[in-house]
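Given the structure is predicted, the values throughout are model-derived calculations rather than measurements. In what follows, every chain begins at residue 1, and chains take the letters A, B, ... in the order their sequences are listed.
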Amino acid sequence: MAIIKTEDLTYVYSAGTPFEKKAIDSLNIEIEEGELVGIIGHTGSGKSTFIQHLNGLLKPTSGKIYIDGTDIWQDKQTTLETRFKVGLVFQYPEYQIFEETVYKDIAFGPKNMGLSDEEIDKRVRETAKLVEISDEQLEKSPFELSGGQKRRVAIAGVMAMRPKVLILDEPCAGLDPKGRDRILDRIREYHKEYNSTVLLVSHSMEDVAKIATKILVMNNSSIVCYDEPPKVFGMADEIAKMGLDIPQITKVFNALKEKGYHIADDVYTVPYALKKLLSYLDEKGVKLDA
Amino acid sequence: MLKDITIGQFFPGNSIVHRLDPRFKIVITGVFITFLFCAENFYGILFGMLFVALTVLLSKIPIKMIFKGMKSIIPLIIFTSVLNIFFIEGEILFSWQFIKITKEGLETSLFMILRIICLISGTSLLTYTTSPITLTDAIEQLLSPLKKVKMPVHEFAMMMTIALRFIPTLIEETDKIMSAQKARGADLETGGLIKRAKALVPILIPLFVSAFRRAEELAVAMECRCYRGDEGRTRLKQLKSGGKDYIALALSLFFLDVVIFFNCIF
(Lines give C-alpha, C1' and ligand atoms only; values in the text may rest on other atoms or scores of the structure.)
Protein backbone atom coordinates (compact mmCIF):
# COMPACT_ATOMS: atom_id res chain seq x y z
CA MET A 1 0.00 0.00 0.00
CA ALA A 2 1.25 3.47 -0.82
CA ILE A 3 2.28 5.53 2.20
CA ILE A 4 1.30 8.80 0.54
CA LYS A 5 -1.65 9.02 -1.78
CA THR A 6 -3.43 12.10 -3.08
CA GLU A 7 -6.67 12.36 -4.99
CA ASP A 8 -7.31 15.44 -7.14
CA LEU A 9 -5.46 17.62 -4.66
CA THR A 10 -6.10 21.29 -5.46
CA TYR A 11 -5.19 24.41 -3.54
CA VAL A 12 -6.07 28.02 -4.35
CA TYR A 13 -4.28 30.89 -2.62
CA SER A 14 -6.23 34.02 -1.56
CA ALA A 15 -9.48 32.82 -3.06
CA GLY A 16 -11.88 35.64 -3.88
CA THR A 17 -9.32 38.44 -4.10
CA PRO A 18 -7.35 39.87 -7.04
CA PHE A 19 -4.35 37.89 -5.74
CA GLU A 20 -6.12 34.57 -6.34
CA LYS A 21 -3.76 31.90 -7.64
CA LYS A 22 -4.01 28.17 -8.18
CA ALA A 23 -0.91 26.79 -6.50
CA ILE A 24 -1.55 23.13 -7.25
CA ASP A 25 -4.07 21.71 -9.64
CA SER A 26 -5.60 18.25 -9.16
CA LEU A 27 -2.53 16.28 -8.20
CA ASN A 28 -2.81 12.50 -8.21
CA ILE A 29 0.12 10.58 -6.91
CA GLU A 30 1.05 7.47 -4.98
CA ILE A 31 4.37 7.20 -3.23
CA GLU A 32 5.48 3.80 -1.96
CA GLU A 33 7.01 3.29 1.47
CA GLY A 34 10.80 3.44 1.67
CA GLU A 35 11.38 5.57 -1.40
CA LEU A 36 13.73 8.53 -1.40
CA VAL A 37 11.91 10.90 -3.70
CA GLY A 38 13.49 14.00 -5.17
CA ILE A 39 10.89 16.66 -5.98
CA ILE A 40 12.12 19.14 -8.53
CA GLY A 41 10.42 22.09 -10.10
CA HIS A 42 10.89 25.70 -10.90
CA THR A 43 10.18 28.46 -8.34
CA GLY A 44 6.40 28.77 -8.15
CA SER A 45 5.74 25.33 -9.62
CA GLY A 46 3.76 24.41 -6.51
CA LYS A 47 6.22 22.04 -4.83
CA SER A 48 6.32 23.88 -1.51
CA THR A 49 2.53 24.10 -1.41
CA PHE A 50 2.28 20.41 -2.22
CA ILE A 51 4.50 19.27 0.65
CA GLN A 52 2.70 21.50 3.16
CA HIS A 53 -0.42 19.51 2.42
CA LEU A 54 1.18 16.22 3.30
CA ASN A 55 1.37 16.94 7.04
CA GLY A 56 -1.88 18.85 7.23
CA LEU A 57 -0.51 22.37 7.54
CA LEU A 58 -2.54 23.50 4.56
CA LYS A 59 -6.06 22.31 4.05
CA PRO A 60 -6.76 21.44 0.43
CA THR A 61 -9.33 23.56 -1.39
CA SER A 62 -10.54 20.27 -2.84
CA GLY A 63 -9.29 16.71 -3.05
CA LYS A 64 -8.02 14.19 -0.51
CA ILE A 65 -4.75 13.11 1.05
CA TYR A 66 -4.16 9.67 2.50
CA ILE A 67 -1.17 8.93 4.69
CA ASP A 68 -0.77 5.24 5.44
CA GLY A 69 -4.27 4.73 4.12
CA THR A 70 -5.99 7.22 6.43
CA ASP A 71 -7.60 10.43 5.22
CA ILE A 72 -5.69 13.04 7.24
CA TRP A 73 -8.62 15.46 7.37
CA GLN A 74 -11.20 12.94 8.62
CA ASP A 75 -11.08 14.46 12.12
CA LYS A 76 -9.02 16.89 14.17
CA GLN A 77 -7.13 14.20 16.06
CA THR A 78 -5.94 12.52 12.87
CA THR A 79 -4.67 15.84 11.52
CA LEU A 80 -2.63 16.42 14.68
CA GLU A 81 -1.24 12.89 14.62
CA THR A 82 -0.22 13.36 11.01
CA ARG A 83 2.11 16.15 12.11
CA PHE A 84 4.17 13.57 13.98
CA LYS A 85 3.93 10.91 11.33
CA VAL A 86 5.05 13.25 8.59
CA GLY A 87 8.00 15.42 9.60
CA LEU A 88 8.41 18.59 7.59
CA VAL A 89 11.64 20.58 7.50
CA PHE A 90 11.09 24.02 6.00
CA GLN A 91 13.41 26.09 3.90
CA TYR A 92 16.11 27.76 6.00
CA PRO A 93 15.01 25.75 9.05
CA GLU A 94 17.68 27.41 11.21
CA TYR A 95 15.35 30.41 11.54
CA GLN A 96 12.93 28.37 13.64
CA ILE A 97 15.50 27.66 16.36
CA PHE A 98 14.58 29.36 19.62
CA GLU A 99 15.75 27.42 22.69
CA GLU A 100 18.68 28.29 24.95
CA THR A 101 20.62 25.16 24.11
CA VAL A 102 20.92 22.91 21.10
CA TYR A 103 19.76 19.99 23.24
CA LYS A 104 16.51 21.72 24.23
CA ASP A 105 15.79 22.74 20.68
CA ILE A 106 16.13 19.22 19.34
CA ALA A 107 13.96 18.03 22.25
CA PHE A 108 11.12 20.42 21.38
CA GLY A 109 9.43 18.10 18.89
CA PRO A 110 9.70 14.88 20.94
CA LYS A 111 8.46 16.80 23.99
CA ASN A 112 5.36 17.90 22.10
CA MET A 113 4.75 14.25 21.29
CA GLY A 114 4.45 13.61 25.02
CA LEU A 115 7.31 11.12 25.25
CA SER A 116 8.98 10.17 28.52
CA ASP A 117 12.13 12.01 29.60
CA GLU A 118 14.37 8.99 29.05
CA GLU A 119 12.98 8.44 25.57
CA ILE A 120 13.47 12.13 24.74
CA ASP A 121 17.05 12.03 25.97
CA LYS A 122 17.76 8.87 23.99
CA ARG A 123 16.31 10.33 20.82
CA VAL A 124 18.07 13.68 21.14
CA ARG A 125 21.46 12.04 21.61
CA GLU A 126 20.91 9.52 18.84
CA THR A 127 19.76 12.14 16.39
CA ALA A 128 22.57 14.53 17.31
CA LYS A 129 25.02 11.76 16.57
CA LEU A 130 23.33 11.04 13.28
CA VAL A 131 23.67 14.65 12.12
CA GLU A 132 27.19 14.90 13.55
CA ILE A 133 26.55 17.31 16.40
CA SER A 134 28.92 16.61 19.30
CA ASP A 135 27.89 16.25 22.94
CA GLU A 136 29.76 19.42 23.70
CA GLN A 137 27.79 21.33 21.06
CA LEU A 138 24.54 20.01 22.51
CA GLU A 139 25.02 22.20 25.57
CA LYS A 140 25.86 25.32 23.56
CA SER A 141 23.44 28.07 22.55
CA PRO A 142 22.28 27.39 19.01
CA PHE A 143 23.05 31.00 18.11
CA GLU A 144 26.77 30.34 18.61
CA LEU A 145 26.88 27.70 15.88
CA SER A 146 27.83 28.19 12.24
CA GLY A 147 25.21 28.27 9.48
CA GLY A 148 25.74 24.65 8.45
CA GLN A 149 25.67 23.43 12.05
CA LYS A 150 22.47 25.35 12.75
CA ARG A 151 20.91 23.80 9.68
CA ARG A 152 21.83 20.31 10.92
CA VAL A 153 20.43 21.08 14.38
CA ALA A 154 17.15 22.24 12.88
CA ILE A 155 16.88 19.14 10.72
CA ALA A 156 17.68 17.01 13.77
CA GLY A 157 14.77 18.74 15.55
CA VAL A 158 12.39 17.12 13.08
CA MET A 159 14.28 13.83 12.72
CA ALA A 160 14.10 13.35 16.50
CA MET A 161 10.35 12.87 16.15
CA ARG A 162 11.18 9.79 14.03
CA PRO A 163 8.59 10.54 11.38
CA LYS A 164 7.69 7.73 9.01
CA VAL A 165 7.83 10.26 6.23
CA LEU A 166 10.49 12.95 6.31
CA ILE A 167 10.04 15.89 3.97
CA LEU A 168 12.74 18.48 3.45
CA ASP A 169 12.24 21.71 1.52
CA GLU A 170 15.50 22.80 -0.09
CA PRO A 171 17.67 21.51 2.75
CA CYS A 172 20.84 22.59 0.96
CA ALA A 173 19.86 26.14 0.02
CA GLY A 174 22.61 28.63 0.71
CA LEU A 175 25.26 26.11 1.77
CA ASP A 176 28.68 25.56 0.21
CA PRO A 177 29.29 22.29 -1.72
CA LYS A 178 30.88 20.67 1.31
CA GLY A 179 28.00 21.56 3.62
CA ARG A 180 25.56 20.45 0.94
CA ASP A 181 27.14 17.02 0.59
CA ARG A 182 27.19 16.66 4.34
CA ILE A 183 23.48 17.38 4.67
CA LEU A 184 22.61 15.04 1.80
CA ASP A 185 24.74 12.33 3.41
CA ARG A 186 22.94 12.76 6.72
CA ILE A 187 19.56 12.56 5.02
CA ARG A 188 20.56 9.37 3.23
CA GLU A 189 21.79 8.00 6.55
CA TYR A 190 18.44 8.73 8.21
CA HIS A 191 16.64 7.09 5.31
CA LYS A 192 18.74 3.94 5.71
CA GLU A 193 18.81 3.87 9.52
CA TYR A 194 15.08 4.24 10.11
CA ASN A 195 13.85 2.80 6.83
CA SER A 196 11.61 5.81 6.35
CA THR A 197 10.21 7.46 3.27
CA VAL A 198 12.01 10.69 2.42
CA LEU A 199 10.85 13.49 0.15
CA LEU A 200 13.47 16.00 -0.83
CA VAL A 201 12.48 19.23 -2.55
CA SER A 202 15.16 20.89 -4.60
CA HIS A 203 15.67 22.77 -7.79
CA SER A 204 19.13 21.37 -8.14
CA MET A 205 19.17 18.23 -10.26
CA GLU A 206 22.69 17.52 -9.08
CA ASP A 207 21.56 17.11 -5.47
CA VAL A 208 18.59 14.99 -6.40
CA ALA A 209 20.58 12.81 -8.80
CA LYS A 210 23.00 11.96 -6.02
CA ILE A 211 20.56 10.34 -3.65
CA ALA A 212 17.03 9.93 -5.03
CA THR A 213 15.50 6.58 -5.90
CA LYS A 214 12.65 8.31 -7.70
CA ILE A 215 12.11 11.77 -9.11
CA LEU A 216 8.95 13.82 -9.16
CA VAL A 217 8.94 16.73 -11.60
CA MET A 218 6.49 19.56 -11.07
CA ASN A 219 5.72 22.40 -13.41
CA ASN A 220 2.88 24.94 -13.59
CA SER A 221 1.02 23.59 -10.55
CA SER A 222 0.91 20.01 -11.81
CA ILE A 223 2.98 16.85 -11.87
CA VAL A 224 4.87 16.32 -15.10
CA CYS A 225 6.28 12.92 -14.26
CA TYR A 226 7.13 10.60 -11.39
CA ASP A 227 9.67 7.96 -12.29
CA GLU A 228 13.12 6.53 -11.73
CA PRO A 229 16.03 8.90 -12.32
CA PRO A 230 17.29 7.41 -15.64
CA LYS A 231 13.86 7.78 -17.21
CA VAL A 232 13.44 11.33 -15.95
CA PHE A 233 16.86 12.47 -17.09
CA GLY A 234 16.14 10.82 -20.40
CA MET A 235 13.70 13.65 -21.05
CA ALA A 236 16.46 16.24 -20.86
CA ASP A 237 14.97 18.44 -23.55
CA GLU A 238 11.55 18.74 -21.91
CA ILE A 239 13.18 19.39 -18.55
CA ALA A 240 15.37 22.11 -20.02
CA LYS A 241 12.25 23.69 -21.52
CA MET A 242 10.78 24.01 -18.01
CA GLY A 243 13.82 26.04 -17.06
CA LEU A 244 15.35 23.28 -14.95
CA ASP A 245 18.93 22.21 -15.16
CA ILE A 246 19.97 18.63 -15.74
CA PRO A 247 23.13 17.33 -14.01
CA GLN A 248 26.36 18.61 -15.51
CA ILE A 249 27.61 15.14 -16.37
CA THR A 250 24.41 14.46 -18.33
CA LYS A 251 25.02 17.68 -20.23
CA VAL A 252 28.53 16.58 -21.11
CA PHE A 253 27.26 13.28 -22.47
CA ASN A 254 24.52 15.02 -24.45
CA ALA A 255 27.10 17.34 -25.97
CA LEU A 256 29.26 14.34 -26.88
CA LYS A 257 26.27 12.76 -28.56
CA GLU A 258 25.80 15.89 -30.66
CA LYS A 259 29.42 15.60 -31.77
CA GLY A 260 28.75 12.06 -32.91
CA TYR A 261 29.91 10.08 -29.89
CA HIS A 262 26.82 8.27 -28.73
CA ILE A 263 27.84 6.71 -25.43
CA ALA A 264 24.69 6.48 -23.31
CA ASP A 265 21.45 8.38 -22.66
CA ASP A 266 20.97 7.56 -19.01
CA VAL A 267 24.05 9.09 -17.41
CA TYR A 268 23.42 11.29 -14.41
CA THR A 269 26.11 10.51 -11.84
CA VAL A 270 29.88 10.63 -12.25
CA PRO A 271 30.72 7.01 -11.27
CA TYR A 272 28.17 5.64 -13.71
CA ALA A 273 29.50 7.99 -16.38
CA LEU A 274 33.01 6.66 -15.85
CA LYS A 275 31.86 3.07 -16.23
CA LYS A 276 29.98 3.83 -19.43
CA LEU A 277 32.85 5.84 -20.85
CA LEU A 278 35.37 3.11 -20.18
CA SER A 279 33.27 0.44 -21.79
CA TYR A 280 32.68 2.73 -24.77
CA LEU A 281 36.39 3.29 -25.22
CA ASP A 282 36.97 -0.41 -24.90
CA GLU A 283 34.41 -1.07 -27.58
CA LYS A 284 36.14 1.36 -29.93
CA GLY A 285 39.43 -0.36 -29.29
CA VAL A 286 41.03 2.54 -27.48
CA LYS A 287 43.65 1.25 -25.03
CA LEU A 288 44.15 3.18 -21.80
CA ASP A 289 47.39 3.13 -19.86
CA ALA A 290 47.24 1.96 -16.24
CA MET B 1 -5.53 33.76 10.13
CA LEU B 2 -3.00 36.55 9.72
CA LYS B 3 -3.93 36.97 6.10
CA ASP B 4 -7.36 38.23 7.15
CA ILE B 5 -6.04 41.60 8.26
CA THR B 6 -7.29 44.04 5.65
CA ILE B 7 -7.04 47.43 7.36
CA GLY B 8 -4.19 49.35 5.80
CA GLN B 9 -3.93 46.93 2.92
CA PHE B 10 -3.36 48.17 -0.59
CA PHE B 11 -5.66 46.91 -3.29
CA PRO B 12 -4.04 47.34 -6.69
CA GLY B 13 -6.18 48.77 -9.47
CA ASN B 14 -6.36 51.39 -12.13
CA SER B 15 -9.58 53.23 -11.36
CA ILE B 16 -9.93 57.00 -11.23
CA VAL B 17 -9.61 56.88 -7.45
CA HIS B 18 -6.36 54.94 -7.72
CA ARG B 19 -4.98 57.47 -10.18
CA LEU B 20 -5.74 60.56 -8.11
CA ASP B 21 -2.74 62.42 -6.71
CA PRO B 22 -2.12 60.91 -3.25
CA ARG B 23 -1.58 64.36 -1.73
CA PHE B 24 -5.06 65.33 -2.83
CA LYS B 25 -6.44 62.05 -1.56
CA ILE B 26 -5.07 62.79 1.89
CA VAL B 27 -6.53 66.29 1.89
CA ILE B 28 -9.87 64.97 0.62
CA THR B 29 -9.86 62.36 3.40
CA GLY B 30 -9.29 65.24 5.83
CA VAL B 31 -12.24 67.14 4.39
CA PHE B 32 -14.33 63.96 4.57
CA ILE B 33 -13.51 63.43 8.25
CA THR B 34 -14.32 67.07 8.92
CA PHE B 35 -17.75 66.91 7.36
CA LEU B 36 -18.54 63.64 9.11
CA PHE B 37 -17.86 65.30 12.44
CA CYS B 38 -19.66 68.49 11.43
CA ALA B 39 -22.82 66.56 10.63
CA GLU B 40 -25.34 67.06 13.40
CA ASN B 41 -28.26 65.11 12.00
CA PHE B 42 -29.14 62.01 9.97
CA TYR B 43 -29.34 63.95 6.71
CA GLY B 44 -25.70 64.90 7.03
CA ILE B 45 -24.62 61.33 7.83
CA LEU B 46 -26.69 59.91 4.99
CA PHE B 47 -25.00 62.39 2.72
CA GLY B 48 -21.63 61.16 4.02
CA MET B 49 -22.67 57.59 3.23
CA LEU B 50 -23.55 58.72 -0.26
CA PHE B 51 -20.02 60.11 -0.59
CA VAL B 52 -18.48 56.82 0.56
CA ALA B 53 -20.74 54.78 -1.73
CA LEU B 54 -19.81 56.97 -4.70
CA THR B 55 -16.09 56.61 -4.02
CA VAL B 56 -16.37 52.85 -3.54
CA LEU B 57 -18.19 52.56 -6.87
CA LEU B 58 -15.58 54.69 -8.63
CA SER B 59 -12.67 52.80 -7.06
CA LYS B 60 -14.03 49.40 -8.20
CA ILE B 61 -13.01 47.82 -4.88
CA PRO B 62 -15.23 44.79 -4.24
CA ILE B 63 -17.87 45.59 -1.62
CA LYS B 64 -16.88 42.34 0.10
CA MET B 65 -13.46 43.79 0.91
CA ILE B 66 -15.02 46.85 2.55
CA PHE B 67 -17.22 44.64 4.72
CA LYS B 68 -14.26 42.44 5.61
CA GLY B 69 -12.45 45.55 6.86
CA MET B 70 -15.51 46.38 8.98
CA LYS B 71 -15.32 43.10 10.89
CA SER B 72 -12.45 44.25 13.06
CA ILE B 73 -14.35 47.29 14.37
CA ILE B 74 -17.44 45.39 15.48
CA PRO B 75 -16.34 45.45 19.17
CA LEU B 76 -15.89 49.23 18.97
CA ILE B 77 -19.35 49.63 17.45
CA ILE B 78 -20.95 47.47 20.16
CA PHE B 79 -19.11 49.34 22.91
CA THR B 80 -20.16 52.83 21.76
CA SER B 81 -23.73 51.85 21.08
CA VAL B 82 -24.13 50.22 24.50
CA LEU B 83 -22.76 53.34 26.19
CA ASN B 84 -25.10 55.57 24.24
CA ILE B 85 -28.22 53.45 24.63
CA PHE B 86 -28.02 53.19 28.40
CA PHE B 87 -26.55 56.47 29.51
CA ILE B 88 -28.41 59.14 27.62
CA GLU B 89 -31.29 60.81 29.42
CA GLY B 90 -34.53 61.60 27.67
CA GLU B 91 -37.95 60.28 26.81
CA ILE B 92 -38.13 56.77 28.30
CA LEU B 93 -39.27 53.99 25.95
CA PHE B 94 -38.48 50.98 28.11
CA SER B 95 -37.28 50.51 31.63
CA TRP B 96 -36.49 47.58 33.90
CA GLN B 97 -35.09 48.20 37.38
CA PHE B 98 -32.18 50.61 36.91
CA ILE B 99 -31.92 50.05 33.16
CA LYS B 100 -33.76 52.48 30.98
CA ILE B 101 -33.70 52.96 27.29
CA THR B 102 -34.55 56.35 25.90
CA LYS B 103 -35.56 57.52 22.47
CA GLU B 104 -32.65 59.93 22.45
CA GLY B 105 -30.26 57.15 23.44
CA LEU B 106 -31.37 54.93 20.58
CA GLU B 107 -31.11 57.78 18.12
CA THR B 108 -27.66 58.81 19.25
CA SER B 109 -26.31 55.30 19.19
CA LEU B 110 -27.63 54.67 15.68
CA PHE B 111 -26.12 58.00 14.67
CA MET B 112 -22.76 57.04 16.16
CA ILE B 113 -22.76 53.62 14.51
CA LEU B 114 -23.39 55.15 11.11
CA ARG B 115 -20.69 57.73 11.73
CA ILE B 116 -18.09 55.13 12.71
CA ILE B 117 -18.94 52.93 9.73
CA CYS B 118 -18.62 55.92 7.39
CA LEU B 119 -15.39 56.97 9.01
CA ILE B 120 -13.70 53.57 8.80
CA SER B 121 -14.91 52.66 5.32
CA GLY B 122 -14.08 56.13 3.97
CA THR B 123 -10.60 56.32 5.42
CA SER B 124 -9.74 52.72 4.61
CA LEU B 125 -10.49 53.59 0.99
CA LEU B 126 -7.44 55.83 1.15
CA THR B 127 -5.12 52.91 1.93
CA TYR B 128 -7.01 50.51 -0.35
CA THR B 129 -6.39 52.74 -3.35
CA THR B 130 -2.96 54.16 -2.56
CA SER B 131 0.22 52.11 -2.36
CA PRO B 132 2.04 52.59 0.96
CA ILE B 133 5.10 54.04 -0.74
CA THR B 134 3.23 56.79 -2.58
CA LEU B 135 1.21 57.44 0.54
CA THR B 136 4.29 58.17 2.64
CA ASP B 137 5.74 60.23 -0.23
CA ALA B 138 2.62 62.33 -0.18
CA ILE B 139 2.70 62.69 3.61
CA GLU B 140 6.30 63.81 3.40
CA GLN B 141 5.47 66.48 0.84
CA LEU B 142 2.41 67.69 2.69
CA LEU B 143 4.42 68.02 5.89
CA SER B 144 7.49 69.51 4.22
CA PRO B 145 6.74 73.06 5.47
CA LEU B 146 7.57 71.69 8.95
CA LYS B 147 11.16 71.18 7.84
CA LYS B 148 11.55 74.94 8.29
CA VAL B 149 11.11 74.46 12.02
CA LYS B 150 13.67 71.63 12.05
CA MET B 151 11.22 68.75 12.13
CA PRO B 152 12.86 65.62 10.68
CA VAL B 153 9.99 65.08 8.24
CA HIS B 154 11.99 63.06 5.75
CA GLU B 155 13.29 60.72 8.43
CA PHE B 156 9.78 60.16 9.77
CA ALA B 157 8.51 59.42 6.28
CA MET B 158 11.38 57.02 5.62
CA MET B 159 10.71 55.22 8.91
CA MET B 160 7.06 54.94 8.01
CA THR B 161 7.88 53.64 4.54
CA ILE B 162 10.17 51.00 5.98
CA ALA B 163 7.67 50.01 8.64
CA LEU B 164 4.88 49.67 6.09
CA ARG B 165 7.15 47.86 3.68
CA PHE B 166 7.96 45.25 6.31
CA ILE B 167 4.46 44.54 7.58
CA PRO B 168 3.73 41.94 4.89
CA THR B 169 7.24 40.52 5.21
CA LEU B 170 6.88 40.06 8.94
CA ILE B 171 3.40 38.59 8.55
CA GLU B 172 4.79 36.11 6.05
CA GLU B 173 7.69 35.36 8.36
CA THR B 174 5.34 34.81 11.30
CA ASP B 175 3.25 32.48 9.17
CA LYS B 176 6.34 30.52 8.20
CA ILE B 177 7.65 30.23 11.75
CA MET B 178 4.20 29.22 12.98
CA SER B 179 4.02 26.50 10.35
CA ALA B 180 7.52 25.31 11.20
CA GLN B 181 6.72 25.05 14.90
CA LYS B 182 3.37 23.44 14.20
CA ALA B 183 5.23 20.90 12.09
CA ARG B 184 7.21 20.12 15.24
CA GLY B 185 3.98 19.56 17.08
CA ALA B 186 3.65 22.95 18.80
CA ASP B 187 0.08 23.43 19.98
CA LEU B 188 -0.98 27.03 19.46
CA GLU B 189 -4.73 26.69 19.56
CA THR B 190 -5.72 25.02 22.80
CA GLY B 191 -5.09 25.54 26.49
CA GLY B 192 -5.52 28.32 29.01
CA LEU B 193 -4.10 31.82 28.94
CA ILE B 194 -0.74 30.93 30.47
CA LYS B 195 -0.26 27.88 28.28
CA ARG B 196 -1.04 29.93 25.20
CA ALA B 197 1.30 32.71 26.24
CA LYS B 198 4.03 30.13 26.71
CA ALA B 199 3.26 28.65 23.31
CA LEU B 200 4.10 32.04 21.79
CA VAL B 201 7.74 31.85 22.87
CA PRO B 202 8.82 29.51 20.06
CA ILE B 203 7.31 31.99 17.62
CA LEU B 204 8.37 35.32 19.09
CA ILE B 205 12.05 34.50 19.61
CA PRO B 206 12.76 33.47 16.02
CA LEU B 207 10.66 36.40 14.83
CA PHE B 208 12.69 38.93 16.83
CA VAL B 209 15.95 37.35 15.77
CA SER B 210 14.98 37.60 12.14
CA ALA B 211 13.60 41.14 12.49
CA PHE B 212 16.92 42.34 13.92
CA ARG B 213 18.81 40.50 11.22
CA ARG B 214 16.67 42.10 8.53
CA ALA B 215 17.05 45.56 10.07
CA GLU B 216 20.80 45.23 10.04
CA GLU B 217 20.87 43.93 6.49
CA LEU B 218 18.65 46.77 5.33
CA ALA B 219 20.80 49.38 7.08
CA VAL B 220 23.92 48.02 5.42
CA ALA B 221 22.21 47.84 2.04
CA MET B 222 21.07 51.47 2.35
CA GLU B 223 24.56 52.62 3.28
CA CYS B 224 26.00 50.68 0.36
CA ARG B 225 23.76 52.64 -1.94
CA CYS B 226 24.95 55.87 -0.34
CA TYR B 227 21.72 56.79 1.42
CA ARG B 228 22.47 59.84 3.52
CA GLY B 229 19.13 61.35 4.32
CA ASP B 230 17.02 64.03 2.80
CA GLU B 231 19.49 66.58 1.47
CA GLY B 232 19.93 66.54 -2.28
CA ARG B 233 17.71 63.50 -2.71
CA THR B 234 15.61 63.36 -5.87
CA ARG B 235 12.73 61.12 -6.83
CA LEU B 236 12.20 58.70 -9.66
CA LYS B 237 8.46 59.21 -9.61
CA GLN B 238 7.38 62.80 -9.10
CA LEU B 239 3.87 63.27 -7.79
CA LYS B 240 1.77 65.12 -10.35
CA SER B 241 -1.57 66.79 -9.91
CA GLY B 242 -4.02 67.53 -12.70
CA GLY B 243 -7.59 68.59 -13.46
CA LYS B 244 -9.20 65.47 -11.97
CA ASP B 245 -7.54 66.12 -8.61
CA TYR B 246 -8.97 69.64 -8.39
CA ILE B 247 -12.39 68.38 -9.44
CA ALA B 248 -12.28 65.70 -6.73
CA LEU B 249 -11.25 68.25 -4.10
CA ALA B 250 -13.97 70.65 -5.24
CA LEU B 251 -16.50 67.83 -5.03
CA SER B 252 -15.52 66.96 -1.48
CA LEU B 253 -15.67 70.64 -0.46
CA PHE B 254 -19.12 70.78 -2.00
CA PHE B 255 -20.19 67.84 0.17
CA LEU B 256 -18.81 69.66 3.22
CA ASP B 257 -20.88 72.71 2.32
CA VAL B 258 -24.02 70.66 1.87
CA VAL B 259 -23.55 69.02 5.27
CA ILE B 260 -23.14 72.40 6.95
CA PHE B 261 -26.19 73.64 5.06
CA PHE B 262 -28.19 70.63 6.34
CA ASN B 263 -27.09 71.48 9.86
CA CYS B 264 -28.57 74.97 9.46
CA ILE B 265 -31.95 74.05 7.92
CA PHE B 266 -32.94 70.94 9.91
Side-chain angles (χ1 to χ4, degrees), chain A residues 13-20 48-49 51-58 76 79-100 104-115 141-143 150 154-161 163 166-169, chain B residues 1-6 9-15 18 59-69 128-129 168-191 195 198-214 217:
Chain A
Y13 270 112
S14 312
T17 70
F19 309 109
E20 181 173 304
S48 290
T49 312
I51 55 168
Q52 283 187 58
H53 278 90
L54 299 180
N55 76 338
L57 276 179
L58 288 178
K76 230 179 160 180
T79 314
L80 283 178
E81 276 164 15
T82 310
R83 302 254 163 93
F84 298 122
K85 232 191 241 173
V86 182
L88 179 55
V89 181
F90 278 84
Q91 237 174 78
Y92 297 104
E94 57 272 29
Y95 295 150
Q96 78 195 23
I97 289 174
F98 69 98
E99 282 283 12
E100 294 150 56
K104 280 193 194 166
D105 205 86
I106 299 179
F108 181 69
K111 224 184 199 160
N112 286 329
M113 294 172 80
L115 299 173
S141 158
F143 298 102
K150 268 193 228 171
I155 292 175
V158 176
M159 282 178 175
M161 305 195 311
L166 178 68
I167 307 174
L168 302 109
D169 192 356
Chain B
M1 178 180 88
L2 289 166
K3 290 197 181 96
D4 293 338
I5 302 169
T6 55
Q9 203 184 46
F10 172 51
F11 220 79
N14 197 26
S15 70
H18 283 85
S59 69
K60 298 196 177 107
I61 304 268
I63 306 284
K64 227 168 92 186
M65 284 304 294
I66 308 276
F67 283 122
K68 236 173 140 185
Y128 278 150
T129 61
T169 312
L170 286 180
I171 289 182
E172 205 177 293
E173 190 101 6
T174 316
D175 252 2
K176 244 193 226 155
I177 296 171
M178 277 168 83
S179 307
Q181 306 299 26
K182 268 198 225 159
R184 294 209 276 166
D187 184 6
L188 308 171
E189 275 121 30
T190 56
K195 201 182 155 217
K198 269 191 181 160
L200 281 180
V201 173
I203 290 158
L204 289 181
I205 291 178
L207 190 63
F208 273 107
V209 171
S210 89
F212 281 122
R213 185 174 43 83
R214 274 180 200 285
E217 276 168 9

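- Closest of all the heavy-atom pairs between Ala186(B) and Asn112(A) is N-ND2, 3.4 Å.
- With respect to the salt-bridge test (charged N to carboxylate O, under 4.0 angstrom), the residues Asp105(A) and Arg184(B) qualify.
- Most heavy-atom pairs under 4.5 Å with chain A, from the set Ala180(B), Pro206(B), Pro202(B): that is Pro202(B).
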Where do Ile61(B) and His18(B) land on the side chain to side chain contact (heavy atoms under 4.5 Å, CB included) test, with the steps shown first?
CA-CA 10 Å; Ile61(B) 304 268; His18(B) 283 85; 4.3 Å; yes
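- Of all the heavy atoms in Asn55(A) and Leu88(A), the pair that sits closest is ND2-CB, 3.6 Å.
- With a 4.5 Å cut-off on non-hydrogen atoms, Met161(A) touches chain B through its side chain but not through its backbone.
- For chain A, no part of Ser210(B) is nearby; none of its heavy atoms comes within less than 4.5 Å.
- Interface residue Phe84(A): only side-chain heavy atoms are found under 4.5 Å from chain B.
- Contact of Ile97(A) with chain B is made through the backbone alone, with heavy-atom distances under 4.5 Å.
- The two residues Lys182(B) and Arg83(A) have their closest heavy-atom pair at O-CD, 3.4 Å.
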